[in-house]
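Here is the structure we will look at, set down as structure tokens.
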Amino acid sequence: MKKILIVAGPTAVGKTAFGIQLAQRFNGEIISGDSMQVYREVAIATAKPTVSEQNQAVHHLIDTQSIYDEFSVKEFVEQADQKITEITARGKLPIIVGGTGFYLNTLIHNFKLGAEKDEHYQKIEAEYQNLLEEKGEDYLWQLLFKQDAVAANKIPKENHRRLIRALTVIKSTGHLFSKQQEELPVKYDAYIVGLNTERELLYQRINQRVDQMMSDGLLEEANLIYSHQDKIYQAKQAIGYKEFFPYFEHQITEQEAVDLLKQSSRRYAKRQLTYFRNKLPVNWIDSVKKDTRYYHVFKEINNWLTK
RNA sequence: GGAGGAGUAGCGAAGUGGCUAAACGCAGCGGACUGUAAAUCCGCCCCAUUAUUGGUUCGGUGGUUCGAAUCCACUCUCCUCCA
């Protein structure tokens, strides 16, 4: 099984710098494990590694898409798998650095994702969307319950997106959504380093980074997304754009939008932490207050590499 | 000195006799997640405890009442206006 090193952690803890450090130390190349750094037209809100940072270690899966492209886990896993193969063949260590827990999880566990999202799929999805509007969430949930009680019991009826996805998968593949979720053996020998620090410190860093983004010209970038939003699918969901939409529409002040952005970022950090804590076997270290554990991890990685 | 107004959980803010440990928002915390995941959704949030239940609350004190954040008296603090 191929070895991959993973660096996970909430936004703004310092994953980029730490990843570079690891790459230099363990002869590695970095693969971005991030759902938003793939878009080449933007860089500020997504906190993409700077040119000089990218020069300090080889980076992959950055700038591979246009903001007008659709992108999802599927593309990520395909691309990452290929990069891992290439890097390993070169005799180097693949290091996945990123905050998108779902992507990392899917990569190492090789989740089955269901049928192709072709026209047929889109049609089914649209049908359920209409059903939801006509008959409401109760109806949709009952529908799922009749088809796949296990799945229905795991999805609250308020969670429309997941409800529709489950129903669509069942109809397009012919098998149960819950069946698709069977555990599979892991695909990689992964050592996962989790970066974290005291909550208060983390929030401080988040707030500071947002201010930095503002002086780097975030408004302009957000405006680009705002003015083309009809043609943009996933990229406009990034934190740092939608918070400014009401500002562009004169609903709120710039300061209010900035506060909103900080709020979204803090909440996001918490969601990330929850995901990593409960879904992945993470070796946690404090990346800000570097204690003994911080240095101990390098030794652990060495042991894991020679195993 | 005179006339009004306000004091509610960390903050903001509802609530004018029982259905109120007290709506709602913010802040804080926890959780779910198998093709939008920086998305989507849920829970906790006075104190103690397990789902339970118990205890102490609505500036303070004392009353009225079967029952008060809600009514009365006194009192403290703050705000506005007039002197």
Side-chain angles (χ1 to χ4, degrees), chain A residues 9-12 15 32-39 42 44-48 65 67 69-78 98-118 121-122 124-125 129 132 137 141 148 150-151 153-166 168-170 172-173 175-184 186-187 199-200 202-203 206-207 209-210 213 222 225 232-243 256 259-280:
Chain A
T11 186
K15 291 190 292 295
S32 166
D34 190 291
S35 64
M36 292 297 165
Q37 290 179 358
V38 294
Y39 301 109
V42 292
I44 300 170
T46 56
K48 194 186 288 176
Q65 314 292 129
I67 49 174
D69 293 336
E70 289 203 58
F71 187 76
S72 76
V73 226
K74 188 193 178 188
E75 287 76 21
F76 169 75
V77 172
E78 282 172 2
T100 308
F102 181 48
Y103 282 16
L104 302 177
N105 204 194
T106 308
L107 178 70
I108 61 181
H109 284 101
N110 201 204
F111 291 149
K112 284 186 230 163
L113 297 176
E116 278 304 308
K117 283 198 173 184
D118 54 9
Y121 180 101
Q122 314 276 10
I124 296 170
E125 195 173 40
Q129 185 63 46
L132 175 66
E137 56 189 29
W141 189 86
D148 185 347
V150 178
N153 284 132
K154 285 181 72 178
I155 304 173
K157 64 183 194 310
E158 294 83 2
N159 201 340
H160 306 327
R161 180 166 288 180
R162 313 243 65 254
L163 216 51
I164 291 175
R165 161 106 261 253
T168 310
V169 165
I170 293 169
S172 64
T173 64
H175 64 238
L176 296 184
F177 185 64
S178 56
K179 182 149 183 288
Q180 177 174 306
Q181 303 184 46
E182 286 167 338
E183 281 286 338
L184 289 159
V186 291
K187 195 168 67 181
R199 197 55 63 87
E200 200 179 331
L202 178 66
Y203 286 180
I206 288 173
N207 293 161
R209 191 163 75 169
V210 168
M213 286 175 178
I225 301 293
I232 299 174
Y233 310 99
Q234 279 77 231
K236 70 177 172 207
Q237 295 180 159
I239 293 170
Y241 303 134
K242 52 189 185 301
E243 289 78 8
E256 284 170 331
D259 289 342
L260 215 55
L261 169 52
K262 288 176 179 171
Q263 180 188 70
S264 303
S265 305
R266 276 182 254 123
R267 289 179 171 172
Y268 172 49
K270 291 200 47 197
R271 262 177 283 135
Q272 292 181 105
L273 251 9
T274 299
Y275 196 94
F276 297 138
R277 265 199 301 250
N278 302 309
K279 297 277 187 199
L280 296 168

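Protein chains get the first letters and strands the later ones, always in sequence-line order, with residue 1 at the start of each. In this text, all values refer to a predicted model and were calculated from it rather than measured experimentally.
Place A:Leu273 and A:Gly114 on RNA chain B by their nearest nucleotides, and A:Leu273 ends up nearer the 5' end. Residue A:Glu116 is the one, among A:Glu116 and A:Gln272, whose nearest nucleotide of RNA chain B lies closer to the 5' end (criterion: closest heavy atom).
Between A:Tyr268 atom OH and B:U40 atom P there is a gap of 13 Å when expressed in whole angstrom units. Following rounding to the nearest Å, A:Ile155 (CD1) and B:U36 (C1') show an atom-to-atom distance of 15 Å. Rounding to whole angstrom units, CZ of residue A:Arg266 and P of B:G30 are separated by 15 Å. Rounding to whole angstrom units, OH of residue A:Tyr203 and C1' of B:G28 are separated by 8 Å. Rounded to an integer number of Å, the gap from A:Lys270 NZ to B:C33 P is 17 Å. Across the protein-nucleic acid pair, A:Ile206 atom CD1 and B:A27 atom C1' stand 14 Å apart, rounded to whole Å. As rounded to whole Å, 10 Å separates atom P of B:U36 from atom CD of A:Glu75. At whole-Å resolution of the value, CZ in A:Phe71 and C1' in B:G35 are 11 Å apart.
Between A:Lys270 and A:Leu273 the shortest side-chain heavy-atom distance does not fall below 4.5 Å. Within the 4.5 Å cutoff, the side chain of A:Gln234 has heavy atoms near those of the A:Glu70 side chain. Residues A:Lys279 and A:Asn105 form a side-chain contact, since some pair of their non-hydrogen atoms from C-beta on lies under 4.5 Å apart.
Residues forming a ring-ring contact (aromatic ring centres under 6.0 Å, His included) with A:Phe111 (at least two apart in sequence, or on another chain): A:His109. A:Tyr121 pairs by the ring-ring contact (aromatic ring centres under 6.0 Å, His included) definition with nothing, not counting sequence neighbours.
Between A:Ser35 and B:A38 there is a side-chain N or O to OP1 or OP2 distance below 4.0 Å. Not one side-chain nitrogen or oxygen of A:Tyr275 sits closer than 4.0 Å to the OP1 or OP2 atom of B:A32. Neither OP1 nor OP2 of B:G28 sits under 4.0 Å from any side-chain N or O of A:Arg267. At least one side-chain nitrogen or oxygen of A:Gln180 sits closer than 4.0 Å to the OP1 or OP2 atom of B:G35. Listed pair A:Thr100 / B:A37 fails the phosphate criterion, with no side-chain N or O lying under 4.0 Å from OP1 or OP2. Phosphate proximity of B:A32 to A:Lys154: absent, as no side-chain N or O sits under 4.0 Å from OP1 or OP2.
Here the side chain of A:Arg199 is nearest to one of B:A37, B:G35, B:G30, namely B:G30. Nearest nucleotide to the side chain of A:Thr274, out of B:C29, B:A27, B:G31: B:G31. When distances run from any side-chain atom of A:Arg277 to the nucleotides B:G35, B:U36, B:G30, the shortest one goes to B:G30. Closest to the side chain of A:Gln263, out of B:A38, B:C26, B:C29, is B:C26. For A:Gln237, counting side-chain heavy atoms from C-beta on, the closest listed nucleotide (B:G28, B:G35, B:U36) is B:U36. Listed candidates were B:A38, B:A37, B:C33. Nearest to the side chain of A:Gln37 is B:A38. When distances run from any side-chain atom of A:Ala238 to the nucleotides B:C29, B:A38, B:G35, the shortest one goes to B:A38.
Interatomic distance, A:Leu176 CG to A:Asp148 CG, rounded to the nearest 0.5 Å: 4.5 Å. Taking NZ from A:Lys262 and CD from A:Glu243, the interatomic distance works out to 12.5 Å, rounded to the nearest 0.5 Å. Remark: A:Arg267 CZ to A:Thr11 OG1 distance equals 15.5 Å, nearest 0.5 Å. Rounding to the nearest 0.5 Å gives a distance of 8.5 Å between NE2 of A:His160 and CD of A:Gln129.
Shown here, B:G67 forms no base pair; nothing in the strands shown gives a Watson-Crick or G-U wobble contact with both key distances under 3.5 Å. Using Watson-Crick or G-U wobble geometry with both donor-acceptor distances under 3.5 Å, B:G62 finds its partner in B:C72. Using the Watson-Crick or G-U wobble rule with both distances under 3.5 Å, B:C19 pairs with nothing in any strand shown. Base pairing annotation: B:U36 forms no Watson-Crick or G-U wobble pair, as no partner gives both donor-acceptor distances under 3.5 Å. Pair assignment for B:U53: B:A48, on the basis of Watson-Crick or G-U wobble contacts that are both within less than 3.5 Å. Using N1 to N3 plus N6-O4 or O6-N4 for Watson-Crick, or N1-O2 and O6-N3 for G-U wobble, each under 3.5 Å, B:A3 pairs with B:U80. Pairing partner, B:G43: B:C29, with both Watson-Crick or wobble hydrogen-bond distances short of 3.5 Å.
In this pair, A:Tyr103 and A:Phe76 present their aromatic rings parallel. The plane angle is below 30°, not in the 30 to 60° band.
Across all strands shown, A:Tyr233 has no heavy atoms under 4.0 Å from either base or sugar-phosphate atoms. Nucleic acid contact for A:Tyr121: none, since no nucleic acid atom lies under 4.0 Å from a heavy atom of the residue. Residue contacts for A:Lys242: at a heavy-atom cut-off of 4.0 Å it reaches the sugar-phosphate backbone alone, with no base atom in range. Heavy atoms of A:Ser264 sit nowhere under 4.0 angstrom from any nucleic acid atom.
Donor-acceptor pairing under 3.5 Å is recorded for the side chains of A:Glu75 and A:Ser72.
Of the P atoms belonging to B:A13 and B:C19, the separation is 25 Å, rounded to the nearest Å. Straight-line distance between the P atoms of B:A22 and B:U53: roughly 13 Å, to the nearest whole Å. On the C1' atoms, B:U20 is 13 Å away from B:A9, given to the nearest whole Å. Comparing B:U56 with B:C47, their C1' atoms are spaced 7 Å from each other, to the whole Å. Taking atom C1' on both nucleotides, B:G43 is separated from B:C33 by 15 Å, rounded to a whole Å. Taking the C1' atoms as reference points, B:A68 lies 13 Å from B:U57, given to the whole Å. Remark: the separation of the P atoms in B:C72 and B:A23 is 25 Å, to the nearest Å. With P as the reference atom, B:A48 and B:C71 are 32 Å apart, rounded to whole Å.
One N or O donor and one acceptor, one from the side chain of A:Asp34 and one from the base of B:A38, sit under 3.5 Å apart.
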Below 3.5 Å between N/O atoms, which protein atoms pair up with nucleotides 41-43 of chain B? Just atom names and distances, please.
{"from": "B:C41", "atom 1": "O4'", "to": "A:Asn159", "atom 2": "ND2", "distance (Å)": "3.3"}

